[in-house]
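Reviewing the structure listed below.
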Amino acid sequence: MRSAILVIKCRAAVAWEVGKPLSIEEVEVAPPRYHEVRVKIIATGICGTDDHVLAGSFPKVEYPVIPGHEGAGIVESVGPGVTCVKPGDKVIPLCLPQCGECSSCLKSNTNCCLKTHICEPQNLMPDKTSRFTCKGKQVHHFLWISTFSEYTVMPDSTVVKIDSAAPLDKVCLFGCGFSTGYGAALNTAQVTPGSTCAVFGLGGVGLSVVMGCKAAGASRIIGIDINRDKFEKAKELGATECLNPQDYKKPIQEVLLEMTGHGVDYAFEVVGCLETLTAALASCHMGCGICVMVGVPPLGAQLSFDPMLLFTGRTMKGSFIGGWKMKDSIPQLVSSYMEGKFKPDILITHILPFSDIGKGFDLLHAGKSIRTVLMF
Ligand code: PAD
Ligand code: ZN
Ligand code: ZN
């Protein structure tokens, strides 16, 4: 049964154009339509990808847009045809849909649902209209979930019910950062016990890769970041050594080859930068090293590297939200969290009221936060 059919007025952070800071506005949020769900967001993290949106370096975004994709909330109302959730359910919005019908969803070895924004822009709902308006203007959705709005509407393929006891201010990180990094190590790389790993970029996602490598039994985990303030937490989470490339005259891949003898078994790029991506590939062991690309590359960038790196047996692969089929996996990850199997809470360095979202981005830019969680 539909519990509400009214337009809701609430606060949201709108990016009006590329390069401008977010501005907090009153927006109107239309009711959910066929196979759509309206969610009251309780908590949302700030991810590096949201920053790419503000900078205009994320593909296929249209402005004005409400970013945010690492949220947790409670279903407020559902449109006709929705059976997977009901009003009052605690949910996590999914930045990667799982439609359950496309050829990717039917395969067991990929989570890249063909409805993902890489194939189909998610700036409007599937019926090509928006549920958001502000000052009489249509505002776009981001990844169909726009968690920087107190109320937001999403297709039912991009929302999943979680344990009713889950603390939303913590498990919001399962919507992106933690799941992405942890899954990149476990699912995409399939890190083996006793192996050596290098993680380029020790933000919220990179530190989650470190946690994944440790959980998989890696014996050596080398964290690499140009901000040495990130090293303490990296070591706490399992990094055995940390390096700042700026401390060396040689390229960092040469330093890694010398440190390890023949290169690392697994290298993860978690910055979103072509130089670190080629350095990660070049630091892999000849014949068997696996380089996993997690960082979102700059818009329109073209990669160039010596193809002999691949010819001689290294593998380069991308990881999208940690390879998890999100509808199937996120509730299980939340349950494992509730059983104490891992503690992504440690990534949360700041908790701020939603009205301080600008401060949250300032902390990210200054390299002073790992994850800021905003509370509505
Ligand atoms: P973040 O900004 O918190 O962390 C990035 C880290 O990289 C910071 O600690 C920087 O100091 C560090 N850094 C910057 N330049 C360098 C360099 N040259 N060498 C080494 N370290 C450097 O971002 P985040 O952890 O939230 O996200 C990291 C990337 O992952 C970002 O590109 C984001 O868009 C991407 C991402 N990908 C997915 C996915 O599904 N693949 C999901 C979520 C985020
Ligand atoms: Zn699908
Ligand atoms: Zn993210």
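We use all heavy atoms of the structure for the numbers below, so side chains are in, but hydrogens, waters and symmetry mates are not. Atoms within a ligand are numbered from 1 in the order they appear, just like the ligands themselves.
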Glu17 and Lys20 ion-paired at < 4.0 Å: yes

Interfacing atoms of ligand 1 (cut-off 4.0 Å, heavy-atom, Lys230): 8 (C), 9 (O)

Proximity to ligand 1 by part of Arg371, non-hydrogen separation under 4.0 Å: side chain

Min heavy-atom dist Gly204 to ligand 1 below 4.0 Å: yes

Sidechain-backbone polar pair: Lys317 side chain, Thr188 backbone, donor-acceptor under 3.5 Å: yes

Nearest-option assignment for atom 40 (O) of ligand 1, heavy atoms, candidates Ile321, Asp51, Leu347: Ile321

Residue, atom name and distance, where the atom is the protein heavy atom closest to atom 29 (C) of ligand 1: Val270 O, 3.6 Å

Whether Glu275 lies under 4.0 Å from ligand 1, heavy atom: no

Minimum-distance protein heavy atom relative to atom 14 (C) of ligand 1: Val271 CG1, 3.5 Å

Nearest non-hydrogen protein atom, atom 4 (O) of ligand 1: Gly203 CA, 3.3 Å

Identity and separation of the nearest protein heavy atom to atom 43 (C) of ligand 1: Cys176 SG, 3.2 Å

Carboxylate-amine/guanidinium proximity below 4.0 Å for Lys161 and Asp89: yes

Angle subtended at the Zn ion (ligand 2) by SG of Cys99 and SG of Cys102, nearest 10°: 110°

For atom 44 (C) of ligand 1, closest protein heavy-atom neighbour: Thr49 OG1, 3.2 Å

Nearest-0.5 Å distance that lies between atom CD1 in Ile321 and atom CD in Gln98: 13.0 Å

Minimum-distance protein heavy atom relative to atom 24 (P) of ligand 1: Val205 CG2, 3.7 Å

Ligand-residue contact atoms, ligand 1 with Leu364, heavy atoms, under 4.0 Å: 2 (O), 3 (O)

Atom 11 (O) of ligand 1: nearest protein contact (heavy atom, Å): Asp225 OD1, 2.7 Å

Donor-acceptor side-chain pairing of His117 and Asn123 below 3.5 angstrom: no

Option from Arg131, Met154, Gln122 for which side-chain contact (heavy atoms from CB on, under 4.5 Å) with His141 holds: Arg131

Heteroatom N/O/S of Cys47 within less than 2.8 Å of the Zn ion (ligand 3): yes

Met338 atom CE, over 12 foreign heavy atoms within 6.0 Å: yes

Identity and distance of the protein heavy atom lying nearest atom 7 (O) of ligand 1: Gly201 CA, 3.6 Å

Interfacing atoms of ligand 1 (cut-off 4.0 Å, heavy-atom, Thr276): 17 (C), 18 (N), 19 (N)

Verdict with reasoning, Glu150 to Lys40, per salt bridge (Lys or Arg N to Asp or Glu O under 4.0 Å): CA-CA 6 Å; Glu150 192 174 3; Lys40 178 175 169 50; 3.3 Å; yes

Enclosure of Lys235 NZ (heavy-atom neighbours >12, cutoff 6.0 Å): yes

